[in-house]
Amino acid sequence: MDYKRLAELLFPDVTMTPEELEEKYPPRNLPEGAKVTRFAPSPTGFVHIGGVYQTMVGERLAHQSGGVFYLRIEDTDAKREVPGAAEGLINTLARYGIRFDEGAAIGENGEIIDRGDYGPYKQSLRGDIYHVYAKKLVSEGKAYPCFTTEEELRALEAVDKKAEVKSREWTEETEAEQKAAMRRLREFTIEDVERNLAAGNRFVLRILADGDPEKKTPFTDLVKGKLEIPENDEDFVLLKSDGIPTYHFAHAVDDHLMGTTHVVRGEEWLPSLPKHLQLFRYLGFKPVKYMHIAQLMRLDENGSKKKLSKRDMGANLNDYERMGYAPECVAEYVMTLLNSNFEEWHAQNADKSYLDFPFSIKKMSSSGCLFDFDKLNDVSKNVLSKLSADEIYKGTA
Ligand code: GLU
């Protein structure tokens, strides 16, 4: 197949090259060892306390190393987007003293603006950029279009989801059948593509996976430790039929162009890591370091550990002020969860801010920390006891 011709057919409007983009977003000029981290929330609701936990890790790593900490809004799923959520989360994090050096920010009229040279920092504004790399992958035979009717697309989407979940009903046979069906998607001619395009049919772009899942590569996650990661053999979607990237594709392109060195994200992304490693390799990007953070846990009525879900008390960051906890108290408490030696350090350095604490990745727990209101109350008492009556009255804390 003439891949160059295929790429031209699929992306006739893309004239920019990856080289031009690399030039536009050159490597950051930072001292040796400086870390570039980001918080990359999807604007789908309130800030979860677990989000603050992750944010603080990113913030500490960047600022302790003389690096950059930035905010990227991952708004590629319009259906799940909640109006005003992006603005809400920026304002909430600001009250918690979380300082972004660059990225999405709030402008004078309350709108989201870009601050920094590596934007746009809102994924919905980066469509042209993703298409440049999509075209490159097609022209190298590493990605291919899949024209399907809406109905077929929905069925395939279900397959993608199921493959990720690997639910119990998913037997080896159905898996083999599915794999064969997926492989058949790879079989098409340039003429098929021309005919589909002429008929106005839309396509999703899939990666042409070359991995062997039986082969495992050693991989070190900075929180989880040494892992064995299987190669990816799933032709997962890079661009949806409306041209919008999936999380996987946007993650690789954005974190590369924005110069991220350390990706701090929830452990729910760990199963997708084989996909990301494959994408970085296909795109010729320098791999980033990963830190997969476990979800915060709570104790249920029977004393067993459960994930602190969205609906649980304490999940929504906005609730704390309503419950009477000053952001500084909550932030200090989160610090105690991050590094167990924080309290000892703070006792010895009572006059210092929690932002002066020498945070260490090595002291982080690789499994979920227990969120506990009694402990939060304890920490809060401590913080408040150091303030003058005047400060408390004015709400300085
Ligand atoms: N937008 C993704 C989420 O909300 C971010 C994951 C990441 O940090 O890469 O889960």
Side-chain angles (χ1 to χ4, degrees), residues 35-62 67-82 85-90 92-93 98 100 102-104 112 118-126 129-130 161 164-165 219 221-224 236-238 240 244-280 283 285 287-296 307-310 315-317 361 364 368:
K35 298 181 174 67
V36 179
T37 60
R38 84 296 192 279
F39 183 47
S42 306
T44 53
F46 59 79
V47 188
H48 190 282
I49 182 90
V52 178
Y53 183 87
Q54 274 179 39
T55 311
M56 284 201 168
V57 176
E59 190 278 340
R60 288 292 71 214
L61 290 181
V68 175
F69 179 48
Y70 71 90
L71 177 67
R72 181 170 71 228
I73 304 291
E74 306 214 320
D75 57 345
T76 53
D77 191 348
K79 277 191 246 92
R80 287 180 57 225
E81 189 164 342
V82 173
E87 291 82 346
L89 78 92
I90 295 176
T92 306
L93 291 173
I98 292 169
F100 293 101
E102 78 180 42
I112 303 268
Y118 289 82
Y121 295 93
K122 225 173 142 191
Q123 287 183 329
S124 56
L125 302 175
R126 299 176 64 77
I129 297 178
Y130 305 122
K161 282 211 184 88
E164 291 225 1
V165 178
F219 179 86
D221 180 280
L222 295 183
V223 176
K224 298 271 171 202
F236 62 91
V237 174
L238 301 175
K240 294 178 256 185
I244 293 179
T246 53
Y247 167 77
H248 311 302
F249 192 40
H251 152 52
V253 170
D254 292 349
D255 280 313
H256 167 69
L257 286 182
M258 295 181 183
T260 309
T261 60
H262 289 62
V263 168
V264 180
R265 65 182 179 188
E267 68 180 355
E268 65 275 17
W269 293 111
L270 195 55
S272 308
L273 192 57
K275 296 186 171 99
H276 304 154
L277 298 180
Q278 183 171 53
L279 260 177
F280 272 76
L283 289 162
F285 295 164
V288 287
K289 294 205 163 56
Y290 287 94
M291 297 178 64
H292 287 97
I293 311 272
Q295 279 200 6
L296 293 180
K307 288 197 166 130
L308 185 75
S309 86
K310 262 189 183 170
N316 184 346
L317 201 58
I361 301 176
M364 282 179 75

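As the structure lists them, so they are numbered: ligands from 1, and atoms in each ligand from 1.
The only option from L222, T261, T37, V36 that meets the side chain to side chain contact (heavy atoms under 4.5 Å, CB included) definition with L61 turns out to be T37.
Residues passing the salt bridge (Lys or Arg N to Asp or Glu O under 4.0 Å) test with E267 are K224, sequence neighbours excluded. For E102, the side chain to side chain donor-acceptor pair (under 3.5 Å) partners are R28, Y121, not counting sequence neighbours.
Counting only residues at least two apart or in different chains, salt bridge (charged side-chain N to carboxylate O under 4.0 Å, His left out) contacts with residues 244-264 comprise R38-D255, R72-D254, R72-D255, R126-D254.
Side chain to side chain, Y247 and S42 fail the donor-acceptor criterion of an N or O pair below 3.5 Å.
A distance of 6.5 Å separates CZ in F39 from CZ in F100, rounded to the nearest 0.5 Å.
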Need the list: ligand 1 N/O atoms against protein N/O atoms, distance under 3.5 Å, rounded to one decimal.
| from | atom 1 | to | atom 2 | distance (Å) |
| --- | --- | --- | --- | --- |
| ligand 1 | 1 (N) | A40 | O | 2.8 |
| ligand 1 | 1 (N) | S42 | OG | 2.9 |
| ligand 1 | 1 (N) | E74 | OE1 | 2.7 |
| ligand 1 | 4 (O) | S42 | OG | 3.3 |
| ligand 1 | 8 (O) | R38 | NH1 | 2.8 |
| ligand 1 | 9 (O) | R38 | NH2 | 2.7 |
| ligand 1 | 9 (O) | Y247 | OH | 2.5 |
| ligand 1 | 10 (O) | W269 | NE1 | 3.3 |

